[in-house]
Enquirer: 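Provided herewith is a single structure, encoded as structure tokens, for subsequent inquiry.
All figures in this text were calculated on a predicted structure; none of them were measured in a lab. By convention in this document, chain letters (A, B, ...) are assigned in the order of the sequence lines, proteins followed by strands, and residues within each chain are numbered from 1.
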Number of protein chains: 2
Amino acid sequence: MPETRLRLRLHFGPASMFGPGRADLLEAIAEHGSISAAGRKTGMSYRRAWSLVEALNSGFKTPLVDSSRGGSAGGGARLTETGIAVLAHFRNLEAILAKAGAQDIEALQSLAVDMHDGK
Amino acid sequence: MPETRLRLRLHFGPASMFGPGRADLLEAIAEHGSISAAGRKTGMSYRRAWSLVEALNSGFKTPLVDSSRGGSAGGGARLTETGIAVLAHFRNLEAILAKAGAQDIEALQSLAVDMHDGK
DNA sequence: TTACGACATGTTCGGGCGAACATATCGATA
DNA sequence: TATCGATATGTTCGCCCGAACATGTCGTAA
């Protein structure tokens with residue numbers, strides 16, 4: 001069975017949203033301790049990764065990422081408690097959907113054309 | 001509390017996907033019996049509505065929309081059994097997510113900036 | 001005090017997608 | 001057989017967003 005990707009996205013106001021891309025970025029930042037490393041890991045330019053971090057930090061009441069400059073390592077970034085919480089809630093929503101919606105997802109998948117055959 | 005919109009999107013192969021926009025369109029077609037009326041209802045041009053219908057029909061093993069031309073009414077469109085099923089499964093997934101994920105959604109919402117205040 | 005690595009920020013360019021506009025076609029009914 | 005409303009399809013335009021490129025800034029350790 002081919003993979004069916006689920007994309008979940010939450011829209012709070014007009015200037016605040018959260019989806020898979022930002023979740024992956026937060027996860028990579030938590031893992032590597034830097035925005036640039038996270039950018040490389042997730043295949044996006046540092047420019048874009050930083051822009052997303054900025055959007056995330058201004059899109060929530062409390063910043064999600066805490067960054068620092070200078071030092072022997074050049075600087076770094078870590079998730080704040082809020083960042084950890086947001087990521088956890090989002091991943092949990094994905095898990096809930098995948099589990100509780102398995103029936104419907106499988107049904108839809110069986111109706112859709114899969115990528116291998118002509119149709 | 002401001003509304004938090006949930007957007008769920010399923011990606012089957014590279015040429016087959018289903019999300020809120022197409023779901024709304026299908027729903028409007030079912031309700032009005034024509035692509036053009038559905039387009040007006042959902043606020044999209046007929047051109048776009050028709051394009052989406054074409055994408056939907058070719059994105060599933062069986063067409064989701066059955067259309068006909070001519071006649072006194074000019075023509076019309078109806079959902080096929082598959083179309084009805086796809087729409088139902090999608091709406092069900094949305095409902096499942098909203099219900100089972102209520103806790104997480106509310107938590108995220110409380111952390112995000114809402115659209116009314118400065119921050 | 002120099003060097004290094006990451007943060008921070010501006011600018012330009014190109015591609016993809018929807019909007020808008022323009023036609024052509026069909027067929028039951030009056 | 002003329003009409004009418006909806007399907008069917010092509011084409012052009014403008015905008016937004018990410019990609020790519022460029023440059024400046026910071027602070028600790030060597």
Enquirer: If you count the non-hydrogen atoms of other residues, nucleotides and ligands that lie under 6.0 Å from CZ in A:Arg78, is the total more than 12?
Expert: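 Atom CZ in A:Arg78 is not crowded, with 12 or fewer foreign heavy atoms closer than 6.0 Å.
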
Enquirer: Between A:Met17 and A:Leu10, is the side-chain contact (heavy atoms from CB on, under 4.5 Å) condition met? List the steps.
Expert: CA-CA 5 Å; A:Met17 61 157 93; A:Leu10 297 163; over 6 Å; no

Enquirer: Measuring from B:Ser110:OG to A:Lys61:NZ, what's the distance to the nearest 0.5 Å?
Expert: 6.0 Å

Enquirer: Rounded to the nearest angstrom, tell me the gap between atom CG in A:Asp66 and atom C1' in C:dC7.
Expert: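 About 12 Å, once rounded to whole Å.
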
Enquirer: Could you give the CZ-to-P distance, from B:Arg40 to C:dA19, as a whole number of Å?
Expert: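 Computing the B:Arg40:CZ to C:dA19:P distance gives 16 Å.
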
Enquirer: Given the rule that I, L, V, M, F, W and Y join up when any side-chain heavy atoms are under 4.5 Å apart, are B:Ile96 and B:Val86 in one cluster?
Expert: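 No; B:Val86 is not reachable from B:Ile96 via cluster members.
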
Enquirer: What is the distance, rounded to the nearest whole Å, between atom CZ of B:Arg22 and atom C1' of C:dG18?
Expert: 13 Å

Enquirer: Indicate, with a heavy-atom threshold strictly under 4.0 Å, whether B:Ser51 touches base, sugar-phosphate, or nothing.
Expert: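 No contact.
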
Enquirer: I'd like to know if the side chain of B:Thr80 and the backbone of B:Leu64 have a donor-acceptor N/O pair within less than 3.5 Å.
Expert: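 Looks like yes, one N/O pair under 3.5 Å.
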
Enquirer: With DNA chain D as reference, determine whether A:Ser45 or B:Gly71 sits nearer its 5' end, using the nearest nucleotide of each.
Expert: B:Gly71

Enquirer: Taking donor-acceptor contacts at under 3.5 Å, does the side chain of A:Arg69 reach the base of C:dG5?
Expert: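 A donor-acceptor contact between them is absent.
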
Enquirer: Whole angstrom is fine here: how far is it from CD in A:Glu54 over to C1' in C:dT9?
Expert: 9 Å

Enquirer: Could you state the OH-P distance from A:Tyr46 to C:dA6, rounded to the nearest angstrom?
Expert: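 For the pair A:Tyr46 OH and C:dA6 P, the rounded distance is 10 Å.
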
Enquirer: Quickly work out the B:Arg48 CZ to C:dA22 P distance and round it to whole Å.
Expert: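 Result: 21 Å.
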
Enquirer: Supply the atom-to-atom distance A:Leu93 CG to A:Leu6 CG, rounded to the nearest 0.5 angstrom.
Expert: 12.0 Å

Enquirer: Of the listed nucleotides (C:dT29, C:dA19, C:dC7), which one gets closest to any side-chain atom of A:Ser67?
Expert: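 Nearest to the side-chain atoms of A:Ser67, counting from C-beta on, is C:dC7.
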
Enquirer: Take atom CG of A:Asn57 and atom C1' of C:dC7, then tell me their distance rounded to the nearest Å.
Expert: 13 Å

Enquirer: Out of C:dC21, C:dT29, C:dG18, which nucleotide sits closest to the side chain of B:Arg47?
Expert: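 So the side chain of B:Arg47 is nearest to C:dC21.
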
Enquirer: Does a salt bridge link B:Arg91 with A:Asp104, judged by any charged N lying under 4.0 Å from a carboxylate O?
Expert: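 The answer is no: the pair does not qualify as a salt bridge.
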
Enquirer: Whole angstrom is fine here: how far is it from CG in B:Leu25 over to P in C:dG18?
Expert: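 In whole Å, C:dG18 P lies 13 Å from B:Leu25 CG.
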
Enquirer: Under 4.0 Å from a heavy atom of chain A: give me the 5'-most and 3'-most nucleotides of DNA chain D that qualify.
Expert: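 Listed 5' to 3', the contact boundaries are D:dG18 to D:dA29.
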
